[in-house]
Amino acid sequence: MFLVHLGGPFWARKDLGSWSIPKGEYSPDEDPLEAAKREFEEETGFTPQGNFKELAQIRQKGGKYVKAWALEGNFDPKAIKSNTFTMEWPPRSGKKQEFPEIDRAGWFMLREAREKILESQVPLLKQLEEMLSSCT
């Protein structure tokens with residue numbers, strides 16, 4: 001399972017429960033799969049290609065809905081190039097700093113991915129596991 005670690009100062013020292021699938025928001029008039037491909041490329045620098053398998057939409061803890069696809073691929077985690085965001089840091093300092101949306105990536109076996117991924121995204125891993133077991 002290819003996961004990305006969330007960037008920025010809040011996540012910097014966290015590991016378990018702080019990884020995610022590459023994802024982002026899209027507008028209602030945008031095709032969700034095309035948006036997912038765009039967001040994947042923006043967050044990793046890689047262009048996803050291949051046979052996309054749609055997973056059922058999930059709802060994250062904060063109420064945000066996530067639509068995702070499974071894809072067989074081979075991306076080098078050390079070669080990620082993420083877009084950035086700007087925020088005030090340290091808080092109430094008046095100073096703006098730029099941070100990568102994603103600060104690292106990695107490949108994980110499903111068992112380890114369950115420990116690393118945000119708790120609200122675990123259902124995506126369960127769906128993937130079911131999908132893979134039905135292929136064998």
Side-chain angles (χ1 to χ4, degrees):
M1 180 78 188
F2 185 74
L3 297 177
V4 294
H5 185 267
L6 303 171
F10 177 75
W11 300 100
R13 299 187 194 277
K14 297 181 181 187
D15 186 51
L16 299 181
S18 61
W19 293 71
S20 174
I21 62 167
K23 63 174 184 47
E25 296 184 19
Y26 62 95
S27 62
D29 62 331
E30 190 174 13
D31 178 68
L33 177 56
E34 292 306 312
K37 291 177 186 179
R38 182 196 73 240
E39 290 290 335
F40 188 95
E41 189 165 357
E42 287 177 3
E43 291 187 355
T44 66
F46 304 125
T47 304
Q49 297 176 354
N51 186 14
F52 293 85
K53 304 278 188 184
E54 187 171 0
L55 301 173
Q57 179 173 272
I58 63 161
R59 185 170 180 220
Q60 291 195 146
K61 190 176 179 180
K64 188 181 289 187
Y65 288 93
V66 175
K67 194 161 186 62
W69 286 261
L71 171 69
E72 186 174 344
N74 188 11
F75 307 105
D76 180 358
K78 294 177 184 158
I80 66 161
K81 293 181 181 142
S82 178
N83 54 351
T84 60
F85 68 95
T86 303
M87 67 179 284
E88 181 181 12
W89 191 258
R92 296 179 291 284
S93 67
K95 297 178 184 178
K96 299 282 185 182
Q97 288 193 44
E98 197 167 302
F99 300 95
E101 272 194 50
I102 302 303
D103 60 14
R104 61 188 183 270
W107 286 101
F108 303 98
M109 299 300 288
L110 281 171
R111 175 180 282 155
E112 188 178 12
R114 273 194 198 93
E115 296 173 358
K116 300 271 188 185
I117 201 166
L118 295 167
E119 184 179 344
S120 57
Q121 291 182 13
V122 169
L124 293 172
L125 296 181
K126 289 179 181 175
Q127 290 180 56
L128 179 60
E129 189 170 29
E130 288 171 11
M131 184 184 292
L132 293 173
S133 67
S134 71
C135 292
T136 57

- Sorted by first residue and then second, give each side-chain hydrogen bond (donor to acceptor under 3.5 Å, both in side chains) pair with at least one member in residues 66-76; sequence neighbours left out.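 Qualifying pairs: Glu54-Lys67.
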Salt bridge or not for [X] and [Y], using N-O below 4.0 Å?
X	Y	value
Glu101	Lys23	no
Glu34	Lys37	yes
Glu42	Arg38	yes

[Y] and [X], any side-chain heavy atoms less than 4.5 Å apart:
X	Y	value
Arg104	Lys78	no
Ile102	Thr44	no
Ser120	Arg59	no
Ile80	Asp103	no

Rounded to the nearest 0.5 Å, what separates atom [atom1] in [X] from atom [atom2] in [Y]?
X	Y	atom1	atom2	value
Glu115	Leu110	CD	CG	12.0 Å
Met131	Lys126	CE	NZ	15.5 Å
His5	Trp11	NE2	CH2	8.0 Å
Glu112	Leu16	CD	CG	9.0 Å
Lys53	Leu71	NZ	CG	10.5 Å
Met87	Gln97	CE	CD	9.0 Å

- Task: Check ring pair (Phe, Tyr, Trp, His ring centres under 6.0 Å) between Phe85 and all other residues, then give those that pass, not counting sequence neighbours.
- Result: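 Phe99.
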- ring pair (Phe, Tyr, Trp, His ring centres under 6.0 Å) involving Phe75 - partner list, sequence neighbours excluded: Phe2, Phe40, Phe46
- Query: So with a 6.0 Å cut-off around CD of Gln57, is the heavy-atom count from everything else above 12?
  - Reply: yes
- With a 3.5 Å cut-off and no angle check, do the side chains of Glu41 and Thr47 form a donor-acceptor pair?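 Yes, because at least one side-chain N or O of Glu41 sits under 3.5 Å from a partner of the opposite role on Thr47.
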- Query: Is a side-chain N or O of Gln121 found less than 3.5 angstrom from the main chain of Gln60, in a donor-acceptor match?
  - Reply: no
- Message: For the backbone of Gly94 and the side chain of Glu88, can you confirm whether one donor and one acceptor N or O come within less than 3.5 Å of each other?
- Response: yes
- side chain to side chain donor-acceptor pair (under 3.5 Å) evaluation trace for Ser82 with Glu43: CA-CA 4 Å; Ser82 178; Glu43 291 187 355; over 6 Å; no
